[in-house]
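Here the structure comes first, spelled out in structure tokens, and everything after it is commentary.
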Amino acid sequence: MRVLVTGGAGFIGSHVVEALVARGHEPVVFDVRADTGGDVRDGASVARALAGVDAVCHQAAMVGLGQGFADAAEYVSRNDLGTAVLLTAMADAGVRNLVLAGSMVVYGEGRYACGRHGVVRPGPRTVADLDAGRFEPVCPRCGAELSPGLVGEDAPVDPRNVYATTKLAQEHLAAAWARATGGSAVSLRYHNVYGPGMPRDTPYAGVASFFRSALARGEAPRVFEDGRQRRDFVHVRDVAAANVAALEADSAAGALTAYNTGSGEPHTVGEMAGALAVAYGGPEPVVTGEYRLGDVRHITADSSRLRVALGWKPEVGFEAGMVEFARARLRGEEPGTR
């Protein structure tokens, strides 16, 4: 199968390319960082790249929370306009198989249960609560403490920052394309992806990259809030394998299917920082109490649908993944830097 990989020179995209080659497929890299260039907002370039292509793996995106609202137009342009241009070109070229890099951020906060009121959806955390160090959401009906759980794909979506909003819009565009063309679309809702080749020291890198970059400078990782926020850290090779499995699957025509893509092993951000510091041999993390408005407290996935439907399962465990990541080079790191 000949597969166009948008963002194929990026962190996740480059691993997808390697996984496709290993499975005997022919990846075609389309990326603004590639020698030939490749902006998904350029319809003519996309149309040329689609020649002879059987499927598209759409990884190209501007990532991160969104720094306030000032860069909203840039996020919408790169993520949503770019996706619309790509899908239009696919419709014209007769390419009917799409795998989209989705994100768990479309859910907003994770799944919570109240002892009195069952499953509830807390609203966004207020500045006053965050300033006072009250990080845990409470029951919107009685104010009681909540128990976090796993989020399934059928949970209501509630994007709470600019980036999350654009990722949900990408899914809606892909669903509309599938209905209009009879194509099949799969959105892999990634959780916190980490691993070799993560970009270092950028405003849009994941928290694992921030911690690893700090350790490389001989500094202690700075953990926001109280470090007890729960996430699902999934290795990039497992995410790449999920993309290949979705491309090879016989997915439903005329619809979009979403799959949570996580390790199934929730850990706190503090645990991750601590494991990485131990593996690197660097300073212990420092819990700062700082926060980013728009961050959610707990978000961890139920990835059983992906396992059952596509036969995928993660292969890299948390401890082994942290040891490897501690020793791997980050993108932009000088040669010889551990």
Side-chain angles (χ1 to χ4, degrees), residues 11 63-68 104-105 109-110 124-138 145-146 148 160-161 163-164 190-236 262-263 265-300 316-334 336-338:
F11 166 46
V63 299
L65 274 182
Q67 307 299 300
M104 55 81 183
V105 294
E109 283 286 355
R125 298 180 294 172
T126 67
V127 170
D129 281 342
L130 293 169
D131 283 343
R134 294 188 292 268
F135 302 121
E136 292 288 347
V138 296
E145 293 183 3
L146 299 174
R160 296 192 175 183
N161 54 61
Y163 171 64
Y190 302 159
H191 279 248
N192 291 73
V193 185
Y194 74 95
M198 284 194 85
R200 57 162 288 185
D201 293 330
T202 80
Y204 307 106
V207 66
S209 174
F210 283 137
F211 293 162
R212 172 64 175 72
S213 297
L215 289 165
R217 297 190 300 269
E219 300 172 4
R222 295 174 59 81
V223 180
F224 280 15
E225 301 188 18
D226 57 5
R228 295 175 183 157
Q229 53 272 47
R230 287 159 49 100
R231 296 290 186 270
D232 186 323
F233 300 100
V234 58
H235 196 278
V236 67
S263 71
E265 299 180 17
H267 290 274
T268 68
V269 172
E271 286 174 341
M272 191 271 282
L276 188 57
V278 169
Y280 192 89
E284 292 185 3
V286 174
V287 177
T288 69
E290 298 172 82
Y291 64 85
R292 295 189 305 177
L293 196 63
D295 264 347
V296 297
R297 179 62 174 174
H298 304 296
I299 177 70
T300 53
V316 183
F318 179 76
E319 296 297 337
M322 288 297 136
V323 170
E324 180 198 27
F325 185 48
R327 298 170 179 170
R329 247 184 41 179
L330 299 182
R331 184 171 301 224
E333 206 167 44
E334 292 298 323
T337 304
R338 187 181 60 163

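What you see below is based on every heavy atom in this structure, not just the backbone, and it leaves out hydrogens, waters and symmetry mates. Counting from 1, the numbers follow the sequence of the chain as shown.
For the pair Arg134/Thr126, no side-chain contact is recorded, criterion being any heavy-atom separation below 4.5 Å from C-beta on. No side-chain heavy atom of Phe135 sits less than 4.5 Å from a side-chain heavy atom of Gln229. A 4.5 Å side-chain heavy-atom check between Pro199 and Phe11 finds at least one atom pair inside the cut-off. Between Phe325 and His235 the shortest side-chain heavy-atom distance does not fall below 4.5 Å. Looking at Phe211 and Val269, their side chains come closer than 4.5 Å, going by heavy atoms from C-beta outward. No side-chain heavy atom of Arg329 sits less than 4.5 Å from a side-chain heavy atom of Arg200. Side-chain contact between Arg297 and Glu109 is present, with at least one heavy-atom pair separated by less than 4.5 Å. At a threshold of 4.5 Å between non-hydrogen side-chain atoms, the residues Met322 and His267 do not count as touching.
There is a side-chain donor-acceptor pair under 3.5 Å between Ser263 and Asp232.
The CG atom of Asp226 sits 14.5 Å away from atom OH of Tyr291, with the distance rounded to the nearest 0.5 Å. Taking CE from Met104 and OG1 from Thr300, the interatomic distance works out to 10.0 Å, rounded to the nearest 0.5 Å.
Closest heavy-atom contact between Ala220 and Val286: CB-CG2, 3.7 Å. Scanning both residues, Leu330 and Ser213, for their nearest heavy atoms gives CD1-OG, 3.4 Å. Among all heavy-atom pairs drawn from Met198 and Ser209, the shortest one is CE-CB, 3.7 Å. Here the closest heavy-atom approach between residue Thr288 and residue Phe224 is recorded as OG1-CD1, 3.6 Å. When every heavy atom of Phe233 is checked against every heavy atom of Thr268, the shortest pair comes out as CE1-O, 3.9 Å. For the residue pair Ile299 and Gly110, the shortest heavy atom distance occurs at CD1-CA, 3.8 Å.
Within 6.0 Å of the CD atom in Glu290, the count of heavy atoms belonging to other residues, nucleotides or ligands exceeds 12. A 6.0 Å sphere centred on CZ of Arg230 holds more than 12 heavy atoms belonging to other residues, nucleotides or ligands. Within a 6.0 Å sphere centred on CD of Glu145, other residues, nucleotides and ligands contribute 12 heavy atoms or fewer.
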Can you list the steps and then say if Val236 with Tyr190 is a side-chain contact (heavy atoms from CB on, under 4.5 Å)? CA-CA 10 Å; Val236 67; Tyr190 302 159; over 6 Å; no
Going through the checks in order, is the side-chain contact (heavy atoms from CB on, under 4.5 Å) test met by Val323 and Arg327? CA-CA 7 Å; Val323 170; Arg327 298 170 179 170; 3.5 Å; yes
Hey, mind stepping through Val223 and Met272 against side-chain contact (heavy atoms from CB on, under 4.5 Å) and telling me if it holds? CA-CA 10 Å; Val223 180; Met272 191 271 282; over 6 Å; no
Verdict with supporting geometry, Val296 and Arg231, side-chain contact (heavy atoms from CB on, under 4.5 Å): CA-CA 10 Å; Val296 297; Arg231 296 290 186 270; 4.1 Å; yes
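Side-chain N or O atoms of Arg228 include none that pairs as donor or acceptor with a backbone N or O of Glu136 at under 3.5 Å.
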